[in-house]
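The block underneath contains the structure these notes are about, expressed in structure tokens.
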Amino acid sequence: MSIRLGVNIDHVATLRNARGGDHPDPVRAAELAASAGADGVTAHLREDRRHIRDDDMRRLKAEIDLPLNFEMAATAEMLKLVSEIGPHACCIVPENRNERTTEGGLDVAGQQDYLASFIRELTGFGVRVSLFIDPELRQIEAAKSAGAPVIEIHTGAYHEACAATDPKRIADEFAAVKRAAEFAAGLGLEVHAGHGLTFKNVQPVAAIPQIVELNIGHFLIGEAVFMGLAESVKEMKRLMQDARTGRLY
Ligand code: PXP
């Protein structure tokens with residue numbers, strides 16, 4: 001019945017990099033998230049290193065006593081870094097230099113052979129691989145065929161529908177996430193979800209029984225400005241666990 005929370009600390013690094021020094025330290029944020037009940041730490045090493053840097057990844061692996069989920073594009077450069085750092089898991093995402101955040105899921109169906117061999121290499125390093133995909137059944141089938149044991153459903157469209165407070169869109173986007181989770185679990189895939197989740201919109205997603213992990217970043221770090229990081233992580237976990245046991249607010 002339980003559901004895990006992976007805390008994405010990328011935007012602590014965004015804030016640090018805005019001034020060019022070493023404060024605030026994303027590794028310290030990860031420590032605090034761990035002590036507040038996070039079940040894992042997620043960080044996205046982007047090709048342009050706009051937030052997290054190579055050394056952050058090394059320190060997260062060395063200093064934090066939680067599973068490290070290394071988000072990355074499927075490139076040779078990232079493969080080499082993963083082999084050196086040895087994270088618990090990798091989540092493969094599409095990357096586009098001009099995007100503000102990861103705007104859509106990976107097109108697994110369009111590059112299945114390439115991804116299958118990339119997944120084999122990562123698996124050979126002992127890393128558990130997930131693919132970040134939109135809630136589309138053909139992408140889930142392709143993820144299964146490519147040999148991924150885990151998918152992470154992109155909840156960005158659900159988030160946007162919630163932000164627009166459009167009940168029909170919210171219902172449609174939520175139904176797509178739920179259907180995708182059921183379909184993926186039916187194929188034997190482990191199901192995660194994330195992107196754009198907040199205190200307001202997390203509960204319906206957390207209540208989907210097939211979803212065993214949520215990865216949440218921007219909202220938690222933003223909310224930390226007002227309530228502190230430990231409190232924002234604790235509140236998110238409380239909402240998730242309550243949703244799991246049928247207490248929806
Ligand atoms: N999962 C993946 C694969 C992501 O790329 C991101 C964004 O970096 C998240 C989850 C978290 O999204 P958000 O920062 O909107 O909570």
Side-chain angles (χ1 to χ4, degrees), residues 3-15 17 26 29-30 33 38-52 56-57 60 67-74 78 87-97 99-108 115 122 127-135 139-140 143 148 150-163 173 177 180-181 184 189-203 205-206 211-225 229 232-233 235-237 239-240:
I3 180 165
R4 302 189 297 267
L5 171 62
V7 174
N8 179 317
I9 42 79
D10 291 351
H11 296 302
V12 179
T14 302
L15 196 56
N17 298 354
D39 302 289
V41 171
T42 295
H44 183 177
L45 187 65
R46 295 187 78 104
E47 187 198 4
D48 62 8
R49 309 300 198 268
R50 71 174 70 157
H51 38 57
I52 293 292
D56 295 326
M57 281 298 192
L60 285 167
L68 173 63
N69 179 26
F70 188 137
E71 263 186 43
M72 57 182 217
M78 290 298 149
H88 166 74
C90 282
C91 180
I92 305 178
V93 302
E95 229 175 81
N96 166 0
R97 267 180 183 262
E99 68 189 357
R100 246 188 253 168
T101 179
T102 312
E103 281 166 3
L106 203 58
D107 178 14
V108 188
L115 286 173
L122 285 173
V127 172
R128 189 207 61 196
V129 183
S130 72
L131 303 181
F132 190 43
I133 56 178
D134 291 325
Q139 296 294 354
I140 297 168
V150 182
I151 59 155
E152 180 166 325
I153 300 172
H154 195 310
T155 50
Y158 165 72
H159 154 75
E160 276 165 26
C162 293
E173 295 301 346
V177 172
L189 294 165
E190 181 172 317
V191 187
H192 302 176
H195 209 278
L197 296 175
T198 69
F199 291 158
K200 274 198 184 149
N201 67 20
V202 73
Q203 284 210 307
V205 178
I211 295 179
V212 298
E213 179 175 309
L214 298 180
N215 285 298
I216 308 182
H218 185 268
F219 178 82
L220 286 175
I221 304 306
E223 197 58 25
V225 171
L229 183 58
S232 76
V233 169
E235 176 64 3
M236 189 60 86
K237 270 215 85 167
L239 289 166
M240 287 164 55

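First listed ligand is number 1; within each ligand, the first listed atom is number 1.
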Pairing residues for F132 by the ring-ring contact (aromatic ring centres under 6.0 Å, His included) criterion, not counting sequence neighbours
H154
Can you tell me which residue and heavy atom of the protein come closest to atom 15 (O) of ligand 1, and the distance to 0.1 Å?
G196 N, 2.8 Å
For E173, all residues meeting salt bridge (charged side-chain N to carboxylate O under 4.0 Å, His left out), sequence neighbours excluded:
none
Geometric N/O contact N215 with ligand 1, under 3.5 angstrom
no
Non-hydrogen side-chain atoms of F70 and L45 separated by less than 4.5 Å:
yes
Nearest heavy atom to atom 16 (O) of ligand 1: which of G222, G217, G156 does it belong to?
G217
Closer than 4.0 Å to some heavy atom of N8 - which atoms of ligand 1 meet that?
8 (O)
Identify, by atom number and element, the atoms of ligand 1 in contact range of E71, meaning under 4.0 Å from any of its heavy atoms.
1 (N), 2 (C), 3 (C), 4 (C), 5 (O), 6 (C), 8 (O)
Quick one, N69 and H88 - any side-chain contact, counting heavy atoms below 4.5 Å?
no
Going by the closest heavy atom to atom 1 (N) of ligand 1, which one wins out of H154, E152, H195?
E152
Expected output: side-chain T155 to main-chain Y158 donor-acceptor under 3.5 Å
no
Contacting atoms of ligand 1, where contact means under 4.0 angstrom from a heavy atom of H218:
13 (P), 14 (O), 16 (O)
Go through I52 and R46 one step at a time and tell me if the side chain to side chain contact (heavy atoms under 4.5 Å, CB included) criterion holds.
CA-CA 7 Å; I52 293 292; R46 295 187 78 104; over 6 Å; no
V93: numbered ligand 1 atoms lying under 4.0 Å from its heavy atoms
3 (C)
